[in-house]
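Just so we're clear, the structure is a prediction, and the values are computed from it rather than from any experiment. Chain letters run A, B, ... following the sequence lines, proteins first and then strands; every chain starts at 1.
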Protein chains: 2
Amino acid sequence: MKMDARKRARCETRAVVLKALAHPTRLFMIEVLAEKSYCVCELTEMVGLDISTVSKHLSILKNAGLVHVEKKGKQVFYSLRMRCALNFLDCVEAVLREQAQDLMDAIK
Amino acid sequence: MKMDARKRARCETRAVVLKALAHPTRLFMIEVLAEKSYCVCELTEMVGLDISTVSKHLSILKNAGLVHVEKKGKQVFYSLRMRCALNFLDCVEAVLREQAQDLMDAIK
DNA sequence: TTCATATTTGGTAGAATAACCAAATATTGA
DNA sequence: TCAATATTTGGTTATTCTACCAAATATGAA
């Protein structure tokens, strides 16, 4: 099974979604947004980075289809759109646990 | 819920696993390795990049704990270790389908 | 040991990312 | 309209990533 142009395009599309998740700050925000929606300034306060940086991170999540955006007055609220991203993260946890176990096994 | 040092570290660890998945070539190989294990030269043939590039991609997957490595004679075989990475990808598909649907809705 | 094959590692150049600051835009209220 | 607040966008710099080539390493066969 070769990676022809079609398969490559398909993988590139998927990679956009995964890349959106693959950043500490964005992961953190995904977790936070799993509870409820927050506006940019609230997220900025939690994250502790410049608001322009946070805004750009959020736009990456938006472009990937991971969050939903709603404007209310002067504020813009983001919420988690794809709940299955959370299962996602559980899977990552499983990977990490297994890695840790391997390390333990290697030591003893 | 602020992103303190501990939370940041936690997110960074998770991000390593996600980053490993977040590349078209590596995604492709994950899919291929879901069927059965392959050696580096077979994967290189499928992927169509330089073998050194493929080797580096594989080492990223290995470091993230996503694949298992087994040496047989002159060849090195890689296999998918975390099957749940596939559910992962199903979730990504769901995201993409929903995005496509939104586009359709926006047009009509 | 020597050769051939398979893989990894080191080096390098170009592309992509992420952080900040400053400026632009949008919205509400005076 | 003007001022204040919330957010986004543009610009810049430093870092990281990715692809290739060349060289090093490992293994099995002659």
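- Atom C1' of nucleotide D:dT9 and atom CG of A:Asn63 are separated by 14 Å, given to the nearest angstrom.
- If A:Lys72 and B:Val54 are placed on DNA chain C by their nearest nucleotide, the residue sitting closer to the 5' end is B:Val54.
- Taking atom CZ of residue A:Arg8 and atom C1' of nucleotide D:dT18, one finds them 12 Å apart after rounding to whole Å.
- Closest to the A:Ser55 side chain, of the nucleotides C:dT7, D:dT8, D:dA22, is D:dT8.
- A:Lys56 and A:Asp50 are not joined by a salt bridge, as no carboxylate oxygen comes within less than 4.0 angstrom of a charged side-chain nitrogen.
- For the pair A:Glu31 (side chain) and A:Arg26 (backbone), a donor-acceptor distance under 3.5 Å is absent.
- Spacing between atom CG of A:Leu61 and atom C1' of C:dT17 amounts to 15 Å, rounded to whole angstrom units.
- Listed in residue order, the members of residues 20-44 of chain A having a heavy atom less than 4.0 Å from DNA chain C are A:His23, A:Arg26.
- Base engagement by B:Lys56 is indicated by at least one non-hydrogen atom pair under 4.0 Å involving a base atom.
- Annotation: side chain of A:Leu43 is in contact with side chain of A:Leu33 (closest heavy-atom distance under 4.5 Å).
- In this structure, CG of B:Asp50 is placed 14 Å from P of D:dA23, rounded to the nearest angstrom.
- What separates CG of A:Leu49 from P of C:dC21 is a distance of 11 Å, to the nearest Å.
- What separates CG of A:Leu58 from P of C:dA18 is a distance of 13 Å, to the nearest Å.
- As rounded to whole Å, 18 Å separates atom P of C:dA4 from atom CD of B:Gln75.
- Nearest-nucleotide mapping onto DNA chain D: of A:Thr53 and A:Lys74, the residue sitting toward the 5' end is A:Lys74.
- Between B:Asp90 and B:Arg97 no salt bridge is recorded (no basic side-chain N to carboxylate O distance below 4.0 Å).
- Pairs passing the ring pair (Phe, Tyr, Trp, His ring centres under 6.0 Å) check and including a residue from residues 71-108 of chain B, sequence neighbours excluded, read A:Phe88-B:Phe88.
- One atom, CZ of A:Phe77, and another, C1' of D:dA6, lie 11 Å apart when rounded to the nearest Å.
- A:Glu45 is linked by a salt bridge (charged side-chain N to carboxylate O under 4.0 Å, His left out) to B:Lys2, counting only residues two or more places apart in sequence or in another chain.
- An OP1 or OP2 oxygen of D:dA19 is reached within less than 4.0 angstrom by a side-chain nitrogen or oxygen of B:His57.
- There is no path of hydrophobic side-chain contacts, each under 4.5 Å, that joins B:Val95 to B:Met104.
- Across all strands shown, B:Ser59 has no heavy atoms under 4.0 Å from either base or sugar-phosphate atoms.
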